[in-house]
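Predicted model, so just to flag it, every value in this text is computed and none were measured. Below, chain A is the first sequence line, B the second, and so on; all start at residue 1.
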2 protein chains.
Amino acid sequence: MNRSLPLIEEKGTLIQDAAELVSSYPRTALTVDCVIFGFEENELKVLLIRSDLQAYHGLWTLLGDVVHSNEELGDAAYRVLRERTGLKNIFLEEVQTFSTPDRHPGGRVVTAAYYSLINIRHHQLRRLDNEVHWHNLKTIQQMGFDHKMILDVCYQRLQRRIQEHPLGFNLLPDKFSLRELQNLYEAILDIKLDRRNFRKKFFSMDFLIDTEEYEVDVPHRPGKLYKFNFEKYQKNQKKWFGIDF
Amino acid sequence: MNRSLPLIEEKGTLIQDAAELVSSYPRTALTVDCVIFGFEENELKVLLIRSDLQAYHGLWTLLGDVVHSNEELGDAAYRVLRERTGLKNIFLEEVQTFSTPDRHPGGRVVTAAYYSLINIRHHQLRRLDNEVHWHNLKTIQQMGFDHKMILDVCYQRLQRRIQEHPLGFNLLPDKFSLRELQNLYEAILDIKLDRRNFRKKFFSMDFLIDTEEYEVDVPHRPGKLYKFNFEKYQKNQKKWFGIDF
DNA sequence: AATCATTGTGTAATCTTTACACATTAAAAA
DNA sequence: TTTTTAATGTGTAAAGATTACACAATGATT
């Protein structure tokens with residue numbers, strides 16, 4: 001960061017003291033908001049909380065918090081996730097900032113949006129959180145603040161990412177059938193996929209571990225259950241998916 | 001944004017006044033930093049300024065500024081670009097935030113990183129900016145603050161983006177030969193490309209306008225000059241590159 | 001025992017990507 | 001003026017990836 005133009009005035013009074021410089025900067029309220037995705041009953045779901053602001057009475061909003069003065073934004077987002085879902089080590093990606101000056105009725109609040117993918121069955125709502133619920137993504141209309149826009153942008157990011165990286169496994173139970181996997185991809189991408197080609201593709205990636213177990217309590221021929229080979233994925237991700245990640 | 005857990009204490013004193021709520025948030029110094037890429041002499045270059053902080057005396061840093069209280073982060077980044085290069089309507093993309101608590105020696109400063117692609121010939125350095133220079137990306141070693149990391153992350157983003165979107169044209173003059181275009185891609189991706197396949201690919205995309213003109217002052221057979229069909233790209237980008245952008 | 005719903009499987013056609021060589025052109029040198 | 005040089009401009013065959021598509025096998029239900 002360097003100060004704005006014009007520089008010439010600064011030349012005479014070159015600020016030697018970094019602390020003095022920083023203390024002269026305008027200060028902004030800074031938050032993170034998390035789009036927490038889950039998958040259940042063949043529907044992509046999002047965890048939302050009822051707004052605690054009168055201005056948005058009754059509207060649902062993303063889970064978020066102010067950023068503490070000694071933590072990174074990503075850590076703040078992890079903290080929100082941990083506090084709200086009890087889960088650790090979950091997939092989390094920063095998407096972008098939202099900073100229109102009037103986006104919060106109480107004044108200037110800049111937020112950084114993250115999305116995460118969790119296994120909805122591992123998540124236990126805390127008793128205190130009776131204002132927190134899962135919502136079917138497709139039925140969400142209006143939200144508080146600019147959160148519908150944040151949700152839309154994060155969902156688009158997920159749609160793009162999942163076509164290049166096998167992120168979907170984060171949303172599934174430990175063991176899953178290929179039909180469940182396909183249902184997940186069809187729900188996220190909102191398209192129909194060819195069953196045979198879908199299976200061929202995932203088998204050829206070689207990330208699936210055959211558990212030798214089968215579905216139970218299904219009213220038809222049960223499918224085989226697989227696990228996702230996270231270790232192999234982490235080792236091979238460069239080979240499969242390019243430079244970073 | 002909703003307040004952090006535990007919620008139960010808040011229940012009793014439910015904050016009705018959004019302004020009062022926001023005024024209770026911690027406040028952070030917020031900046032933007034721009035990785036401004038240019039292309040000249042077959043090298044990918046970055047516009048840098050000498051740090052004005054004693055702590056980083058002599059080190060080069062990205063161009064940035066504090067975010068004003070009434071502007072969006074993207075607008076702040078555009079403002080930096082406009083002030084530093086005199087250019088408008090240039091490609092700019094937010095990459096991610098950088099917020100380690102000690103990244104600035106003067107105290108907590110959170111920054112959002114952007115990268116932009118400009119035609120280096122259109123850019124006129126202002127007379128006052130004698131501390132601003134273009135640097136060959138490959139030779140940049142050390143930088144002030146965490147700017148080397150920001151630069152690396154933005155460069156990786158560019159490398160990925162340019163494989164899916166024809167962003168490279170933003171770096172080239174209005175009229176260019178296919179050899180220049182290929183040199184640009186080879187410089188950005190840091191790989192060698194097959195000349196025939198490269199040409200085939202770009203012709204098949206159908207974004208090139210044949211100007212019927214040829215290079216001059218080259219010590220060999222001159223190549224044809226083309227323009228990029230920005231309008232056609234903007235109309236067809238969904239068809240070619242998927243959902244958003 | 002018959003029916004139902006879903007699983008599991010292979011191949012041919014199309015499209016995309018890659019590898020690769022030689023004639024043409026204008027400038028520069030002889 | 002001729003020769004040399006250094007690049008441009010062009011096509012095809014092979015390999016790989018993607019798509020379209022149908023039927024037998026299985027276990028649960030009736």
In this structure, how many angstroms lie between the [atom2] atom of [N] and the [atom1] atom of [X], rounded?
X: B:Lys224; N: D:dA7; atom1: NZ; atom2: P; value: 21 Å
X: B:Glu215; N: D:dA6; atom1: CD; atom2: C1'; value: 12 Å
X: B:Phe198; N: C:dA19; atom1: CZ; atom2: C1'; value: 17 Å
X: B:Arg199; N: D:dA7; atom1: CZ; atom2: P; value: 14 Å
X: A:Asp217; N: D:dA28; atom1: CG; atom2: C1'; value: 11 Å
X: B:Glu164; N: C:dT16; atom1: CD; atom2: C1'; value: 16 Å
X: A:Leu181; N: C:dT7; atom1: CG; atom2: C1'; value: 15 Å
X: B:Asp194; N: D:dG11; atom1: CG; atom2: P; value: 15 Å

Looking at side-chain heavy atoms only, is the closest gap between A:His147 and A:Trp60 below 4.5 Å?
no
Student check: side-chain heavy atoms of B:Lys138 and B:Asp190 closer than 4.5 Å:
yes
Any donor-acceptor N/O pair under 3.5 Å between C:dT16 base and B:Lys201 side chain:
no
Has the side chain of B:Lys200 got a donor or acceptor atom sitting under 3.5 Å from an opposite partner on the base of C:dT17?
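Under the 3.5 Å cut-off, the side chain and the base do not form any donor-acceptor pair.
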Plane angle bin for A:His135 and A:His133 - parallel if under 30°, tilted between 30 and 60°, otherwise perpendicular
perpendicular
Assign each of B:Arg221 and A:Arg195 the nucleotide of DNA chain D bearing its closest heavy atom; nearer the 5' end lies the nucleotide of B:Arg221
More 5' along DNA chain D: A:Pro219 or B:Asn197, using each one's nearest nucleotide?
B:Asn197
Give a yes/no on whether any side-chain N or O of A:Arg179 is located under 4.0 angstrom from OP1 or OP2 of C:dT6.
no
Counting the atoms with a prime plus P, OP1 and OP2 as sugar-phosphate, which does B:Arg196 contact under 4.0 Å by heavy atoms, base, sugar-phosphate, or nothing?
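Result for B:Arg196 = base.
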Taking the six-membered ring for Trp, are A:Phe230 and A:Phe169 ring centroids under 6.0 Å apart?
no
Report the residue from A:Ile118, A:Ile188, A:Leu137 that forms a side chain to side chain contact (heavy atoms under 4.5 Å, CB included) with A:Phe37.
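Among A:Ile118, A:Ile188, A:Leu137, the one meeting side chain to side chain contact (heavy atoms under 4.5 Å, CB included) with A:Phe37 is A:Leu137.
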